[in-house]
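Remember, it's 1-based here, ligands and their atoms both numbered in the order they're listed.
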Amino acid sequence: MSMREDTQWRRSYCPYCGVGCGLSVAMRGAEVVKIKGDARHPANFGEICAKAAHLVPTVGASGRLLHPHIRERRGGALRRASWPRALAYAAARLREVIAAYGPDAVAFYGSGQLLTEDYYVFNKLAKGFLGTNNFDSNSRLCMASAVAAYTAAFGADGPPVAYEDIEQADLFLIAGSNTAWCHPIISRRIEKRRQAAADARIIVIDPRRTETADLADLHLPIAPGSDIALLNAMLAMLIREGRVDERFIAEHTSGWEEARAAALQWTPDRAARVCAVPPESIIEAARMFGRSRRPLSLWSMGVNQSSSGTAKALAIINLHLATGTIGKPGCGPLALTGQPNAMGGREAGGLAHLLPGYRRVDNPHHRAETARHWGVPPERISPRPGLTAVEMFEAVAEGRVKALWIIATNPAVSMPEIDLVERALRYAQLVIVQDSYHPTDTGMFADVLLPAAQWPEKEGVMTNSERLLSLVPRLIEPAGEALQDWEIAALMARHLGFSTAFGYADSEAVFEEYKALTADTPVDIGGVSYARLRKGPLQWPCPAPEHPGTPRLYVDFNFKRAGGRARFHAAELRPTGEIPDNLFPLVLTTGRVRNQWHTMTRTGRVPALMKAAPEPYLEMHPADAAQAGVADGGFVEVRSRRGIFVAQARVTGEIARGVCFAPFHWGRGGGQFKAANNLTARSRDPISHQPELKFCAVNVTPVSRARGDADVIADSAVGRERRPPEDFSEQLAEDC
Ligand SMILES: Nc1nc2c(c(=O)[nH]1)N[C@H]1C(S)=C(S)[C@@H](COP(=O)(O)OP(=O)(O)OC[C@H]3O[C@@H](n4cnc5c(=O)[nH]c(N)nc54)[C@H](O)[C@@H]3O)O[C@H]1N2
Ligand SMILES: Nc1nc2c(c(=O)[nH]1)N[C@H]1C(S)=C(S)[C@@H](COP(=O)(O)OP(=O)(O)OC[C@H]3O[C@@H](n4cnc5c(=O)[nH]c(N)nc54)[C@H](O)[C@@H]3O)O[C@H]1N2
Ligand code: SF4
Ligand SMILES: [Mo]
């Protein structure tokens with residue numbers, strides 16, 4: 001398409017995944033007309049994937065929540081209100097709850113899609129001014145296990161690797177990540193490296209033969225949840241074959257004896273039985289890793305979303321510590337972050353145990369430093385970590401938390417066990433939902449709806465998977481009366497009586513205040529400013545204005561733990577939260593499709609992106625299908641101990657026997673039984689508190705009209721009309 005002369009190209013940054021691609025946005029007047037990759041951005045060098053290429057139809061007012069709304073009576077209607085009225089109403093209700101039950105009766109549930117400035121202001125309000133640490137985010141469902149593992153191993157969170165290591169690696173160990181679909185630009189960089197370097201190899205560990213597995217030299221279709229057996233067996237082989245770096249271990253690590261002993265219990269044969277793959281492929285994987293001089297490990301949800309997610313991630317890190325392949329070009333452990341600013345959330349203190357600058361609420365010095373910066377007495381910040389995501393919804397459902405403020409996430413679709421989430425949302429005394437769209441599955445339960453500006457209506461900073469900070473500019477005015485997320489938090493703070501501490505002039509003022517809190521922390525960004533970011537992105541740490549940024553951490557092998565040593569951890573295989581049995585014999589794992597983004601509030605509006613997967617589906621192995629009497633393309637009812645999901649069967653040899661897979665993008669809003677999270681369980685990792693979204697026990701039966709299942713079908717995959725339970729049926733008036 002040739003561009004007219006009045007077209008202006010502006011630099012921006014992708015609001016979808018954690019790869020963090022730079023965009024060039026074509027503007028005609030106040031209108032966004034086209035999007036392509038920013039050739040100068042070091043994450044993508046001009047390439048983008050289909051989701052970003054189809055951003056244009058998501059920009060603007062269609063389907064958006066344009067005005068604040070209040071529901072004054074349960075069962076009553078949501079009615080439009082002015083901003084002052086909505087804020088005064090919400091603030092009064094929050095005050096009532098706090099006066100009656102204390103600050104911990106209020107909870108905030110945020111998102112890795114907030115900008116750093118948004119996180120900062122919400123955290124300051126919750127943790128510093130209201131005095132509750134109940135601010136957690138959907139990142140708890142996403143990379144909490146990676147955070148816990150990095151922190152345990154290195155003494156601080158933060159991936160040590162840079163994307164430029166991809167072009168120098170000679171082995172890619174990709175575990176539990178469908179990179180080709182979910183981090184497509186990283187996948188393309190890996191593919192290019194594989195083509196350019198004759199010796200480069202790829203190993204993929206995934207129970208499904210994904211498009212990522214198609215790129216692999218070796219694919220290990222392991223049984224879900226069994227990664228630790230495999231990774232320990234690999235480490236044991238490295239030890240037996242003399243492939244470990246004894247000198248690196250002696251000089252820069254601790255805890256080796258325990259990790260070594262734990263690994264040596266795993267022979268390839270024993271691991272092969274647990275993982276359900278041939279011992280030869282485990283031996284082959286270990287030898288490929290052992291021979292490699294620059295192995296780069298990448299992982300995401302197949303590792304993190306597990307009841308042993310932290311241990312899985314530590315087992316990957318152990319391989320790098322044992323071979324001294326960290327802090328050097330082309331190698332190291334890289335947890336891919338899913339959301340565009342999940343990293344910024346970690347940095348700004350966006351989890352229930354954190355304060356800004358990788359500080360912790362349970363550390364008195366950290367509380368004192370933060371309180372001083374916020375101008376509050378140190379005792380205002382509670383020493384108790386707040387509730388983590390799933391605990392938060394349990395607490396609401398049990399009446400321990402009374403008021404819930406949900407920002408930029410759609411838990412009525414994305415949390416495990418949607419029954420629990422709905423119970424909580426119905427039972428809460430006050431639900432505030434701050435979203436850009438309406439209706440959403442979660443917004444249906446709101447007492448107060450607050451319209452948020454979305455990309456590209458808001459300005460602020462995001463950090464991608466490789467610690468690279470980019471500035472997202474505001475290119476157009478917000479739709480309707482929408483405001484930036486941090487502005488809404490600051491306005492509410494003022495309605496709650498905290499006027500002086502929240503009087504920011506603009507996003508940059510928020511950033512500057514946050515930045516000052518990062519001084520002398522691992523995430524020091526003292527040298528970063530909006531002015532510098534306008535010229536291009538920067539990787540933290542970047543402590544001074546002339547500092548060029550830091551591509552790779554730990555190049556001096558000086559880790560952040562006592563004595564500068566990284567720590568090995570014995571990785572023990574824990575049982576999964578649920579064991580398949582006669583009643584529920586199959587394992588369900590869940591995940592994403594290539595062209596949908598999560599709960600589809602944006603990508604679901606783009607027909608081109610809907611094509612490949614217009615409806616929920618269930619992948620299952622031909623042998624399991626035959627046993628259950630399921631035909632390819634037929635409808636199936638999937639049951640777990642918690643609920644029912646109905647989908648169209650895709651019978652395929654590309655999934656391990658005994659395992660089935662469903663995408664989780666659909667919520668009940670489109671049909672009661674379309675939601676895969678009707679089935680999933682609340683079990684979680686004991687260290688990271690990340691829920692086990694990748695494993696639950698199910699049974700599968702065909703659904704047929706002959707059997708009288710018409711209602712079920714009508715309410716799910718075939719029928720597009722949702723059965724409306726009374727207070728779930730409402731749409732807002734036209735003007736919304
Ligand atoms: N298209 C698209 N891209 C996205 C997103 C999106 O919604 N759509 N979301 C973004 C976000 S927030 C995230 S977190 C990332 C997620 O990115 P990914 O983690 O790549 O995506 P998933 O499909 O959730 O899961 C990855 C794989 O884990 C495998 N798996 C399941 N159980 C196990 C196991 O026990 N062990 C191993 N080794 N593998 C297992 C599954 O078969 C699946 O192929 O994607 C980001 N990018
Ligand atoms: N079964 C299963 N469940 C899963 C997963 C899985 O693999 N399997 N993955 C989990 C993971 S890793 C993640 S990250 C979550 C994602 O799950 P969610 O966070 O629930 O998914 P999104 O659809 O991205 O929700 C973002 C919401 O914010 C709104 N929004 C967009 N931009 C803005 C903005 O600028 N401001 C505000 N206030 N709102 C905005 C959108 O309209 C949308 O409603 O799902 C989790 N759930
Ligand atoms: S790979 Fe991720 S960041 Fe890059 S264009 Fe696609 S969705 Fe956006
Ligand atoms: Mo995620």
Qualifying salt bridge (charged side-chain N to carboxylate O under 4.0 Å, His left out) pairs, either residue in residues 223-233, two or more places apart
D227-K312
Under 4.0 Å from a heavy atom of [X]: give me the atoms of ligand 2 that qualify, with their elements.
X    : answer
K458 : 35 (O)
D485 : 34 (C), 35 (O), 36 (N), 37 (C), 38 (N)
T601 : 41 (C), 42 (O), 43 (C), 44 (O)
A452 : 36 (N), 37 (C), 38 (N)
S436 : 30 (N), 32 (N), 33 (C), 34 (C), 36 (N), 37 (C), 39 (N), 40 (C)
A453 : 34 (C), 35 (O), 36 (N)
N677 : 1 (N), 2 (C), 3 (N)

Establish, from distance only, whether the side-chain atoms of T603 and Q596 form a donor-acceptor pair under 3.5 Å.
yes
Is the closest side-chain donor-acceptor distance between S187 and T179 under 3.5 Å?
no
Check the angle between the aromatic planes of F664 and H598 and answer parallel, tilted or perpendicular using the 30° and 60° thresholds.
tilted
Assign the ring pair Y617 / F661 to parallel, tilted or perpendicular, where the plane angle (0 to 90°) is split at 30° and 60°.
tilted
Nitrogen or oxygen of T440 less than 3.5 angstrom from that of ligand 2
no
Atom-level proximity to ligand 1, residues with heavy atom under 4.0 Å
C17, K51, C142, G176, S177, N178, W181, C182, H183, I205, D206, P207, R208, T210, P224, G225, D227, S300, M301, G302, K312, G338, Q339, T589, G591, R592, V593, R594, Q596, W597, H598, H665, K694
Please name all residues satisfying ring pair (Phe, Tyr, Trp, His ring centres under 6.0 Å) with W597, sequence neighbours left out, ordered by chain then number.
Y16
Can a salt bridge be assigned to the pair K458 and E117 using a cut-off of 4.0 Å between side-chain N and carboxylate O?
no
N-O pairing of R650 and E619 below 4.0 Å
no
Without swapping roles, check the side chain of E457 against the backbone of R474 for a donor-acceptor pair under 3.5 Å.
no
Are M415 and ligand 2 in contact, using a heavy-atom cut-off of under 4.0 Å?
no
Mind checking what makes salt bridge (charged side-chain N to carboxylate O under 4.0 Å, His left out) contact with R657, not counting sequence neighbours?
D624
